[in-house]
Amino acid sequence: MTAMVKAEQVCKSFGALRVLKGITLEIDRGQVLCLVGPSGSGKSTFLRCINHLEQVNAGRLYVDGDLIGYREKNGKLYEMAPKDAAVQRRDIGMVFQHFNLFPHRTALENIIEAPTQVKGIKKADAVTRAKDLLDQVGLSDKANAYPAQLSGGQQQRVAIARALAMDPKLMLFDEPTSALDPELVGEVLAVMKNLAREGMTMVVVTHEMGFAREVADQLVFMDGGVVVESGEPRGLLANPQHERTKAFLSKLL
Ligand code: ADP
Ligand code: MG
């Protein structure tokens with residue numbers, strides 16, 4: 001069985017700044033990986049490399065067996081045309097800290113945008129599916145609400161539904177609850193937990209250790225562009241092996 005995500009020695013620099021210094025990890029189909037680490041350690045950059053929003057400088061990333069962003073020919077890698085990278089990206093849902101909904105479109109219109117524009121799905125079919133997705137995230141009564149009329153937690157649940165509308169095989173979450181008031185965090189985590197239970201493969205950057213402990217199959221602690229340690233979350237949280245992990249966790253708790 002191929003892994004859903006496979007990262008091999010992924011390196012990424014911005015000019016002279018080396019941000020990712022050889023990230024190697026694997027996520028099996030249907031598994032949840034939580035990625036944690038201090039600010040600036042390269043977590044967002046790594047997520048963005050998975051769907052080729054950033055180009056890697058070295059190493060390889062595979063999603064469902066496909067090399068991301070590059071084609072290999074005679075042992076050499078050539079960057080894909082943007083339209084081919086976009087095709088790969090369709091199958092990878094992404095949810096951001098700041099929701100990024102279209103402000104002048106309703107919840108429903110936000111959700112049907114990509115399926116109708118990118119995949120050419122008929123509007124009536126996209127609307128039916130969008131209503132199911134709104135139901136799934138607990139917002140069936142908010143189809144016609146604009147983002148400004150929704151709480152942060154509701155907006156984030158719309159953003160999750162929007163990503164799911166493309167039927168992704170992989171979902172990437174970049175600190176999806178960090179911008180929310182504390183009382184709204186739980187409703188978003190609950191939606192994510194359901195998604196995990198239904199078998200979605202997920203990579204989640206988060207500081208919510210309760211979620212990581214309960215939902216993740218694998219916890220990866222990153223610092224300074226490297227994986228410092230990784231493992232089954234309960235074990236890792238109870239008994240971190242590295243000083244850097246201990247220091248980071250002690251600040252969170
Ligand atoms: P994290 O998500 O763990 O907080 P990031 O991946 O956002 O870390 O950032 C890692 C480092 O890369 C930071 O020093 C950040 O300033 C830098 N960085 C991220 N994106 C860019 C960019 N587009 N250009 C230059 N530097 C960047
Ligand atoms: Mg980040």
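One is the number of the first residue; the rest follow in order along the sequence. Start at 1 and go down the list; that is how both ligands and their atoms are numbered.
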Shortest protein contact, [atom] (heavy atom only):
| atom | answer |
| --- | --- |
| atom 8 (O) of ligand 1 | G42 N, 3.2 Å |
| atom 3 (O) of ligand 1 | K43 NZ, 2.8 Å |
| atom 23 (N) of ligand 1 | F14 CE2, 3.4 Å |

Enumerate the atoms of ligand 1 whose separation from the nearest heavy atom of [X] is less than 4.0 angstrom.
| X | answer |
| --- | --- |
| S39 | 4 (O) |
| T45 | 5 (P), 6 (O), 9 (O), 19 (C) |
| P38 | 3 (O) |

Can you tell me if G37 contacts ligand 1 (heavy atom of the residue under 4.0 Å from the ligand)? no

Restricting to N/O/S atoms, is Q97 within less than 2.8 Å of the Mg ion (ligand 2) or not? no

Does some side-chain heavy atom of D223 sit less than 4.5 Å from a side-chain heavy atom of S41? yes

Determine whether more than 12 heavy atoms belonging to other residues, nucleotides or ligands lie under 6.0 Å from atom CZ of R129. yes

Taking it one step at a time, do T24 and E8 satisfy side chain to side chain donor-acceptor pair (under 3.5 Å)? CA-CA 5 Å; T24 296; E8 292 176 351; over 6 Å; no

Checking the N or O distance criterion of under 3.5 Å, is ligand 1 in contact with E54? no

What about V19: any of its N or O atoms under 3.5 Å from an N or O on ligand 1? no

Determine, step by step, whether D64 and R29 satisfy the salt bridge (Lys or Arg N to Asp or Glu O under 4.0 Å) criterion, reporting the C-alpha distance in whole Å, the side-chain angles of both residues, the deciding distance to 0.1 Å, and the verdict. CA-CA 8 Å; D64 203 15; R29 209 171 295 274; 2.9 Å; yes

Pair D174-K43, side-chain contact (heavy atoms from CB on, under 4.5 Å): steps then yes or no: CA-CA 8 Å; D174 195 357; K43 306 179 299 295; 5.6 Å; no

Check the angle between the aromatic planes of F221 and F248 and answer parallel, tilted or perpendicular using the 30° and 60° thresholds. tilted

Any non-hydrogen protein atom below 4.0 Å of atom 20 (N) of ligand 1? yes

Less than 4.0 Å from atom 15 (C) of ligand 1, is there any heavy atom belonging to the protein? no

Please answer: with hydrophobic residues joined when any side-chain heavy atoms are less than 4.5 Å apart, are L189 and L219 in the same cluster? no

Honestly, for L17 the part within reach of ligand 1 (heavy atoms, under 4.0 Å) is side chain

The one among C49, G40, S44 that brings a heavy atom closest to atom 10 (C) of ligand 1: G40

Should the pair K76 and Y78 be classed as cation-pi, given the thresholds of under 6.0 Å to the six-membered ring centre and 45° from the axis? no

Verify salt bridge (Lys or Arg N to Asp or Glu O under 4.0 Å) between R244 and E229, making sure each step is shown before the conclusion. CA-CA 10 Å; R244 282 194 280 177; E229 64 182 299; over 6 Å; no

